[in-house]
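Reading through the structure tokens given below for one structure.
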Amino acid sequence: MSLANSVMGCIPIYDLVGIGGYTVQQVEIASIKRDGYFFRVNHPDFYLSLEYQGGDFVLNRNGYEVRFPATEGEIDGIFHNINVLWSTNSLTLTANGKKITTNTPYTVPPESIIRQAKLENLIPNSEFDSLESFRSKVHNCFATLGDKIEESLSTDMYWDVLKDGGKIVERRPKGETEVQSNLHALLYDQFFSQSIEVVPEARNASGRLDFALLANVRGLGIQKIAIEFKHAHSDDLEHGLLHQLPSYMQSIKAKYGIYCVLFFKCGWFDLPKKYENRFTLEVNLADIRNVTNYPIQQNIKVYSIPLVRLKAASLNAG
């Protein structure tokens, strides 16, 4: 598994070995001097890569590929902005309202690759070589969060259950503060082993930041990454991403931030209505960020965390 230097720290390795994935690539036109790759996973039984070939972005998995002309993602003549998505049976590249999809046979990465990525994420660390390696480790921890919740079957702790006698009459998502404490417990062991300090509900000149992550970076001293959580059905979801988190980052002098969207939509709860699933939510937020074209947005990574039982079909599911 390898990443080009231009995207080091932007794409968690763990994201590349899941059953599906999503990322946004923004490349300055003038910086593209020759063909090359952004990321590549090469295994005897599995191949996934995103490359730039002759003016096209090319997403390839096991010999199936989708091509997207780089000029279709042009903004102000400066940047290429391309949304990259893959699922078990499709590969998609999209930008500025145009989408190109290639259907593929049902494909999942071998378990050996997934196991390797998980083990590498748990290797202890005392100091980071660079700010990018600090960011990459934090991104990998967040990329595994959804799997940890699913594997532990712990989604019930994120819901308030209302009963009439023994019958469940309503399920409501818990508030953001309650949810954060549960998620922090899942991440704590990984952060602790990496010598990353978690400062919850950090106060700053711009208000209250959900988390600040601190770590020692060689030659730079203590560096920070700002973390903001928001329910997907929150009225200020977009405002939090475009204004609130950037303001917090500037206030605590953090170059990088993570916007963690908590997704509850399922058979129990039908909000947000405008998004069919969390992947369409991520694509929409990416489009909004591309249109605004604020430079600081390139330093923010968005994660959507599913806090639902994937097989929940009825209100009274146990």
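Nothing fancy with the numbering, it's 1 onward along the sequence.
Nearest heavy atom pair, residue Lys163 against residue Gly165, reads CB-O, 3.7 Å. The two residues Val217 and Leu131 make their nearest non-hydrogen contact at CG1-N, 3.6 Å. The minimum heavy-atom distance linking Cys260 with Ile305 is given by the pair SG-CG1, 3.4 Å. Contact record, Ala232 with Leu237: O-CD2, 3.6 Å, taken as the closest heavy-atom pair. Contact between Leu245 and Ile258 at its shortest, heavy atoms only, is CD2-O, 3.7 Å. Across all their heavy atoms, Pro173 and His231 have their closest contact at CB-NE2, 4.4 Å.
Applying the side-chain hydrogen bond (donor to acceptor under 3.5 Å, both in side chains) rule to Asn83 yields the partners Tyr22, Asp287; only residues at least two apart in sequence or on another chain are considered. Remark: His243 pairs with His239 by the ring pair (Phe, Tyr, Trp, His ring centres under 6.0 Å) rule, at least two apart or across chains. Judged as a side-chain hydrogen bond (donor to acceptor under 3.5 Å, both in side chains), and not counting sequence neighbours, the contacts of Ser49 are Tyr47, Glu51. Residues meeting the ring pair (Phe, Tyr, Trp, His ring centres under 6.0 Å) test with Phe134, sequence neighbours left out: Phe128. Partners of Asp270 according to the side-chain hydrogen bond (donor to acceptor under 3.5 Å, both in side chains) rule, which considers only residues two or more places apart in sequence or in another chain, are Lys273. Listed by chain and number, the residues in a ring pair (Phe, Tyr, Trp, His ring centres under 6.0 Å) with Tyr275 amount to none (sequence neighbours excluded).
At least one side-chain heavy atom of Leu241 sits under 4.5 Å from a side-chain heavy atom of Ile300. The shortest distance between side-chain heavy atoms of Asn103 and Asn89 does not fall below 4.5 Å. At least one side-chain heavy atom of Pro69 sits under 4.5 Å from a side-chain heavy atom of Ile100. Considering only heavy atoms from C-beta on, Val179 stays 4.5 Å or farther from Phe229 through its side chain. Using a 4.5 Å heavy-atom threshold, the side chains of Ser130 and Arg218 count as separate. Within the 4.5 Å cutoff, the side chain of Lys230 has heavy atoms near those of the Asp236 side chain. Between Thr107 and Tyr64 there is no side-chain heavy-atom pair separated by less than 4.5 Å.
Although no hydrogens or angles enter the test, the distance criterion places no donor-acceptor pair under 3.5 Å between the side chain of Gln223 and the main chain of Lys255. Side-chain atoms of Ser251 do not come within 3.5 Å of backbone N or O of Met249 as any donor-acceptor pair. A donor-acceptor pair is defined here as one N or O able to donate and one able to accept, closer than 3.5 Å; no such pair exists between the side chain of Asn284 and the backbone of Thr280. The backbone N or O of Phe264 lies less than 3.5 Å from no partner atom in the side chain of Tyr158, so there is not a single donor-acceptor pair. With Asn277 contributing its side chain and Phe279 its backbone, the two residues share a donor-acceptor pair below 3.5 Å. Looking at Asp164, its side chain never comes within 3.5 Å of a backbone N or O of Lys167 through a donor-acceptor pair.
A cation-pi arrangement is absent between Arg171 and Trp159, since the terminal nitrogen or guanidinium carbon is not both under 6.0 Å from the aromatic centre and inside a 45° cone about the axis. Remark: Lys265 is not positioned above the aromatic ring of Phe269, lacking an NZ or CZ atom under 6.0 angstrom from the ring centre and at most 45 degrees off the axis.
Note: Arg135 CZ to Leu213 CG = 13.5 Å, rounded to the nearest 0.5 Å. Put simply, CG on Asp56 and CD1 on Ile82 are 9.5 Å apart, with the number rounded to the nearest 0.5 Å.
Val58 and Leu50 fall into different hydrophobic clusters, where Ile, Leu, Val, Met, Phe, Trp and Tyr are joined by side-chain heavy atoms under 4.5 Å apart, directly or via other members.
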Step-by-step side chain to side chain contact (heavy atoms under 4.5 Å, CB included) determination, Tyr303 to His139: CA-CA 9 Å; Tyr303 286 99; His139 283 187; 3.2 Å; yes
Does the side chain to side chain contact (heavy atoms under 4.5 Å, CB included) test come out yes or no for Val283 and Leu85, once each step is laid out? CA-CA 9 Å; Val283 172; Leu85 305 92; 3.5 Å; yes
Worked check of side chain to side chain contact (heavy atoms under 4.5 Å, CB included) between Lys224 and Lys253: CA-CA 7 Å; Lys224 303 172 184 176; Lys253 296 180 172 58; 5.9 Å; no
Assess the residue pair Arg67 and Gln53 against the criterion (side chain to side chain contact (heavy atoms under 4.5 Å, CB included)); give the C-alpha distance rounded to whole Å, side-chain angles, the decisive distance to 0.1 Å, and a yes or no. CA-CA 9 Å; Arg67 287 178 170 266; Gln53 298 178 359; 2.7 Å; yes
Steps toward side chain to side chain donor-acceptor pair (under 3.5 Å) verdict (Tyr256, Glu132): CA-CA 10 Å; Tyr256 295 116; Glu132 301 308 321; 2.4 Å; yes
For Arg61 and Thr104, run side chain to side chain donor-acceptor pair (under 3.5 Å): C-alpha distance rounded to whole Å, both residues' side-chain angles, the deciding distance at 0.1 Å, then the answer. CA-CA 9 Å; Arg61 184 176 62 192; Thr104 73; 2.9 Å; yes
Side chain to side chain donor-acceptor pair (under 3.5 Å) assessment of Thr101 paired with Thr92: CA-CA 4 Å; Thr101 297; Thr92 299; 2.9 Å; yes
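When Leu59, Asn42, Asn60 are each tested for a side chain to side chain contact (heavy atoms under 4.5 Å, CB included) with Leu48, only one passes: Leu59. Just one of Phe39, Phe68, Tyr52 meets the ring pair (Phe, Tyr, Trp, His ring centres under 6.0 Å) condition when paired with Phe57; it is Tyr52.
A salt bridge does not link Arg172 with Asp160: none of the charged nitrogens is closer than 4.0 Å to a carboxylate oxygen. Look at Glu238 and Lys274 and you find a salt bridge, because one of the NZ, NE, NH1 or NH2 atoms lies within 4.0 Å of a carboxylate O, short of that distance.
Checking Ser87 against Ser90 by side-chain atom types alone, a donor-acceptor pair falls below 3.5 Å.
Phe263 has its ring centre no less than 6.0 Å from the ring centre of His233.
Other residues, nucleotides and ligands place more than 12 heavy atoms under 6.0 Å from the CZ atom of Phe46.
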